[in-house]
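Just follow the structure's listing: the first ligand is 1, and inside any ligand the first atom is 1. Below, each value reflects all heavy atoms present in this structure, side chains not excepted, and no hydrogens, waters or symmetry copies.
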Amino acid sequence: MLKLLFISTPVGPLGSGVGGGVELSLKNLAIEMNRRGHQVTVVAPEGSNLPHIPVREIPGTCQRMAQTERRENSITLPENSVLANMWDYGRTVQGDYDLIVNFAYDWLPFYLTPFFSCPIAHLISMGSMHPALDQMMTQVAHNFQGTIGVHTQVQADTFPFANLCRILGNGLDLSQYHFCSHPGNKMAWVGRIAPEKALEDGVAAAQLTGIPLKIFGKMQDESYWQKICQDYPNAPVEYRGFLSTLELQKELGHCRALLVTPRWLEAFGNVVIEALACGVPVIAYRRGGPAEIIRDGETGFLVEPDNVRALVAGIKRLEEISRSRCRQQAEQEYSLKALGDRFEEWFRALI
Ligand code: HBI
């Protein structure tokens, strides 16, 4: 039985959606490790909540999202930083745990690593974004070999320490996702509404095909959304908000396809395996994590990045994809058991 301390992302409380995919990763991992009989405690900003997992809520000011920082900016910490407060708490209790797992994409946890006696596993949730952060990650990768975990090879390749990364994929509680064999005539787009996700390309594809597009996700950048509505006033789109997994999978399952249009390099693409779990084919730009997940022509299509007409060509070929093959891939590669096996092996290697 392992005693694990998960220290969460500082960008927002767990359950708020601000932490995007890393919230889902942390929750699923905590549930799976618990199921395996390990003792998991989560440290997260106050206002966080997780089903059946003890959460130590820490007060303080949330950290700005790394993708909103400019590459040449210095590393910043706000006054009464929740990131600093979470790690100070971790320092005081580290003796009670076999391993600390860091879920923050931030400079401080990497800098603090040599000051801790308890081993620390770092799960990096995005690609390279910031030279000062890359530098600190590189130091940890070399001085604490094996402690850097990432989701995909393409994400690892964005870092100078690519060969020192452990590739862990991701996973879902598939029992929460129900296979749907007969969708309606609509498509889905799922993700934080933010420029790096290029929602406008999905909207443009809906306009070109006339197939209604359901949009799900945290409204992160309102002005960005307003600009899309102005640029595509007649596109058949509907914003459905940030839904719970139960609600999302119900609506997602009734779609003919999920469109994945990242402008940036997605480290993984949780929404891709959520769609596959519901039997929904995925049409994605051949870029980042989705390009490593989707089996082109079998569980979806990978198309030329930033090319809306290529998305449309993929949509027209949807009949070629078997929806049950999509669900099958999720069960083979992205179940919580598969995820738990990969992570437990990693954790044990570090203890
Ligand atoms: N930014 N500073 C910072 N820290 C994080 O942990 C972080 C982030 N931006 C996005 C993010 N985490 C997650 O939404 C993605 O890793 C999925």
| query | E266 and salt bridge (charged side-chain N to carboxylate O under 4.0 Å, His left out): which partner among K197, R287, R192? | reply | K197
| Rounded distance [0.5 Å steps], CG in L29 versus CG in L339 | 5.5 Å
Considering heavy atoms of the protein only, find what lies nearest to [atom] and give residue, atom and distance to 0.1 Å.
atom	result
atom 2 (N) of ligand 1	D106 OD1, 2.8 Å
atom 10 (C) of ligand 1	Q67 OE1, 3.4 Å
atom 14 (O) of ligand 1	G19 O, 2.7 Å
atom 16 (O) of ligand 1	S125 OG, 2.4 Å
atom 6 (O) of ligand 1	T9 OG1, 2.8 Å
atom 1 (N) of ligand 1	A66 N, 2.8 Å

| task | Indicate yes or no: does an N/O atom of G21 lie under 3.5 Å from an N/O atom of ligand 1? | result | no
Atom indices of ligand 1, in the order listed, that fall short of 4.0 Å to a heavy atom of [X]:
X	result
A104	6 (O)
V22	17 (C)
Q63	2 (N)

| Are P109 and W87 close enough that some pair of their side-chain heavy atoms sits under 4.5 Å apart? | yes
| 4.5 Å side-chain heavy-atom contact, V203 and I215 | yes
| note | With heavy atoms and a 4.0 Å threshold, my read on which part of R64 contacts ligand 1 is backbone
| query | Using a heavy-atom cut-off of under 4.0 Å, does the side chain or the backbone of M126 touch ligand 1, or both, or neither? | reply | side chain
| said: Please determine whether the number of non-hydrogen atoms from other residues, nucleotides or ligands lying under 6.0 Å from atom CZ of R309 exceeds 12. | reply: no
| said: Against F110, only a single residue in M136, Q135, Q139 fulfils side-chain contact (heavy atoms from CB on, under 4.5 Å); can you say which? | reply: M136
| task | Using the six-membered ring wherever Trp is involved, compare the ring planes of Y111 and F115 and label them parallel, tilted or perpendicular (cut-offs 30° and 60°). | result | tilted
| message | Parallel, tilted or perpendicular: which one describes the rings of F343 and F347, with boundaries at 30° and 60°? | response | perpendicular
